[in-house]
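Take a look at the structure set out below.
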Amino acid sequence: TRDRFMEAFEAVKEHFAVLFREVFEGGEARLSLLDEQNPLESGVEIFAQPPGKKLQSLQLLSGGEKAMVALALLFALFRYRPQPFFILDEVDAPLDEANINRFNRLLLQFRGQTQFLVVSHNKRTMELAEVLYGVSMGEGGVSRLVSVRLAEVEASLGIGRA
Amino acid sequence: TRDRFMEAFEAVKEHFAVLFREVFEGGEARLSLLDEQNPLESGVEIFAQPPGKKLQSLQLLSGGEKAMVALALLFALFRYRPQPFFILDEVDAPLDEANINRFNRLLLQFRGQTQFLVVSHNKRTMELAEVLYGVSMGEGGVSRLVSVRLAEVEASLGIGRA
Amino acid sequence: LRLREVELFGFKSFADRTRIPLPDDLLVVVGPNGSGKSNVTDAVLWALGEQSAKTLRGHKMQDVIFSGSHRRPASGMAEVLLSFEDGEGTKVQLGRRLLRSGESAYLMDGRGVRLKDAQEFMMRYGISTQGTFLVEQGRVEALLTASAEERRLIFEEVA
Amino acid sequence: LRLREVELFGFKSFADRTRIPLPDDLLVVVGPNGSGKSNVTDAVLWALGEQSAKTLRGHKMQDVIFSGSHRRPASGMAEVLLSFEDGEGTKVQLGRRLLRSGESAYLMDGRGVRLKDAQEFMMRYGISTQGTFLVEQGRVEALLTASAEERRLIFEEVA
Ligand SMILES: Nc1ncnc2c1ncn2[C@@H]1O[C@H](COP(=O)(O)OP(=O)(O)OP(=O)(O)O)[C@@H](O)[C@H]1O
Ligand SMILES: Nc1ncnc2c1ncn2[C@@H]1O[C@H](COP(=O)(O)OP(=O)(O)OP(=O)(O)O)[C@@H](O)[C@H]1O
Ligand SMILES: [Mg+2]
Ligand SMILES: [Mg+2]
């Protein structure tokens, strides 16, 4: 129904504006309906302006900036409509150290509200884990999974990039 | 001409097979012409089988495996037809530590033969640099570039993820 | 709703039956490139009824069945079981099986059900059928590169 | 052929004239997300005649001109100069300019030339017009996801 859509849209829009300012430590972003008269038919557009920069097309943003905008929107949707679990596969790959820290803060902020399954090569993200599983591929082309400690990870699996 | 194409194809095919075995420390890969009778019209297909695994579609490979296969092919093309410079923008993002080391070895192996411009967030890749430039965005939304040392990078720019 | 455990058997590189108990908050999965981490996330997606082989990085759905290696013959079947527990302590296990022949089944607490029943379960507990609970490897920008219309579908589901 | 220096002026986030001397073997460019590293690689691609605004992450070609910030007005023009030196010590500077009006120019040692001349220079020195000298951010898998026919074009150029 139109009212429910507008209620959801306005709420997510607000959460997104707040989360964006949080993860970018400034700047501003907003969601907008392409066709305000017809919300149920209208596409949803995203505008994002990192601190100190001018509002321009999203595609001009850098790889890391786009990832952070996408995470802000994803978590904004979650804030309005929580999901029982959230799977993130290597979302920290394009991020620099400062943004990995902000991503980790987001995880800590939301961790009571959902079950996170995060795949990562990054040591800082690993440090947050309640449980850490190591996956390895045996010589027979078969995967197996073991519970590991952070120290073991760096030693034996040859991973833990930061 | 058909002969020149076949000569180039066979050479790159050989380099690719060798480089693949090098970066995967085993396994095998090959290039093949979809239509051997008509090389100038034929598409080029890639087959890759990491060690211990079965030959299957490339798309089933993992993110890191695909990146390594792509790098092996890129360098195989380069070996046949060197280019004066080679620009690599964050190709190490999906790689684990072991593969970052192999990627770095590739850089060292080819570095006399071309000028590399590598963008990276990874400390090990930074360690290879003959010259290291740090880019930063000022408050006015303007980028500037300065020559930096590795130690400065970790301290001031807040980067250097591994 | 809590996802207590994921179990894989014959699914992609998990030829051996593998049980993965999940903690309450934050599980981090680590390992070298090609070890099988994304295959675990694929398994959850698949068990929840993913219909597109391409989304699972395959050409046809049978590509999710362990295809063998030089040391190990191919499996005849892939199976993934998701063990849930709701707020009141009621346990529900959602499962999916696929045989090489193409014969497939959805399971709820071991008995065969239709895909529709699995989807109803998802809707009842707020698991997005648009897949917004999952950010696939290399796809973090998906929400941004999607068309304005595709984004609206996500908002419709959330509303 | 050696690329001795890249100079940017008004190109994307490089509003100020910025000279980047290149070492003989291995330059590594580092910096935080959004600082301008990929903009440098875009500059090289653009100066070599890239025709697609989309490849440069823009909608129209004028998107490569510094668009201003809350502290700095937009630039009226973007300019990139590539200073080469061949095996015999002969220096060649290839350049490109674009004004907000859309007026554009290719330059060789400061004088106006056509795109065709820039492309001839590339072919003479073996700089791929297919762009195989560049792996863009997030596009390392491009050779694999390309169609078999697209790959053939790359082989044709190499042959
Ligand atoms: N049906 C199958 N049978 C056997 N092996 C398979 C099957 N499907 C995929 N694989 C193997 O699983 C491996 C990919 O696993 P996965 O994508 O989970 O790796 P990953 O741990 O996520 O790696 P990365 O860190 O590079 O993303 C590939 O080597 C692939 O060959
Ligand atoms: N025409 C322009 N005028 C002003 N700023 C621009 C222009 N085009 C792009 N930018 C800015 O440049 C920044 C992107 O720079 P770039 O892509 O080079 O970052 P990066 O250092 O590669 O980051 P990452 O590590 O995330 O990949 C964006 O913040 C964008 O707003
Ligand atoms: Mg993966
Ligand atoms: Mg970049």
Quick one: pull up [atom1] in [X] and [atom2] in [Y] and give me the separation to the nearest 0.5 Å.
X: C:Tyr125; Y: A:Gln83; atom1: OH; atom2: CD; answer: 15.0 Å
X: C:Ser38; Y: A:Glu90; atom1: OG; atom2: CD; answer: 6.0 Å
X: A:Phe85; Y: C:Leu82; atom1: CZ; atom2: CG; answer: 7.0 Å
X: A:Lys66; Y: C:Thr145; atom1: NZ; atom2: OG1; answer: 8.5 Å
X: A:Thr114; Y: C:Arg2; atom1: OG1; atom2: CZ; answer: 8.5 Å
X: A:Leu73; Y: C:Thr132; atom1: CG; atom2: OG1; answer: 10.0 Å

For chain A, the option from [options] that forms the most heavy-atom pairs under 4.5 Å:
options: C:Ser69, C:Gly138, C:Ser147, C:Ser67; answer: C:Ser69
options: C:Asp16, C:Ile20, C:Asn39; answer: C:Ile20
options: C:Ala142, C:Ala15, C:Pro21, C:Gly34; answer: C:Pro21
options: C:Thr18, C:Val44, C:Asp24, C:Leu1; answer: C:Asp24
options: C:Leu3, C:Thr41, C:Leu22, C:Leu45; answer: C:Leu3
options: C:Ile127, C:Val140, C:Val158; answer: C:Val158

task = Report the C-alpha distance between C:Arg151 and A:Glu45 in whole Å, list the side-chain angles of each, state the deciding distance to 0.1 Å, and finish with yes or no for salt bridge (Lys or Arg N to Asp or Glu O under 4.0 Å).
result = CA-CA 8 Å; C:Arg151 271 193 292 272; A:Glu45 205 51 84; 3.0 Å; yes

Exam field: side chain [X] to backbone [Y], donor-acceptor pair closer than 3.5 Å:
X: A:Gln115; Y: C:Pro23; result: yes
X: C:Ser35; Y: A:Met137; result: no
X: C:Arg71; Y: A:Gly140; result: no

For [X] against [Y], the heavy-atom pair lying closest together:
X: C:Phe66; Y: A:Gly141; value: CE1-O, 3.5 Å
X: A:Ser120; Y: C:Val30; value: O-CG1, 3.7 Å
X: C:Val28; Y: A:Thr125; value: CG2-O, 3.7 Å
X: A:Leu34; Y: C:Glu149; value: CD1-OE2, 4.5 Å

Using heavy-atom distances under 4.5 Å, tell me whether [X] contacts chain C through its side chain, its backbone, both, or neither.
X: A:Gln59; answer: neither
X: A:Tyr80; answer: side chain
X: A:Glu130; answer: both
X: A:Thr1; answer: neither
X: A:Leu117; answer: both
X: A:Leu58; answer: side chain
X: A:Leu61; answer: neither

message = Less than 4.5 Å to any heavy atom of chain A: does that hold for the side chain of C:Glu136, its backbone, both, or neither?
response =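 Backbone only.
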
inquiry  = Is C:Arg139 close to chain A through its backbone or its side chain, or both, or neither, when contacts mean heavy atoms under 4.5 Å?
reply    =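 For C:Arg139, there is no contact with chain A at all, as no heavy atom is under 4.5 Å.
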
[X] atom [atom1], neighbour heavy-atom count above 12 within 6.0 Å:
X: C:Gln51; atom1: CD; result: yes
X: C:Arg19; atom1: CZ; result: no
X: C:Arg100; atom1: CZ; result: yes

key: Full working for side-chain contact (heavy atoms from CB on, under 4.5 Å) between A:Val119 and C:Gln137   = CA-CA 9 Å; A:Val119 179; C:Gln137 186 165 0; over 6 Å; no

Option in [options] with maximal non-hydrogen atom pairs under 4.5 Å from chain C:
options: A:Arg111, A:Arg4, A:Arg144; answer: A:Arg111
options: A:Glu139, A:Glu7, A:Gln113; answer: A:Glu139
options: A:Ser42, A:Ala67, A:Ala48; answer: A:Ser42

message = Below 30° counts as parallel, above 60° as perpendicular, anything between as tilted: where do the rings of C:Phe155 and A:Phe9 land?
response =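 It falls in the tilted class, 30° to 60°.
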
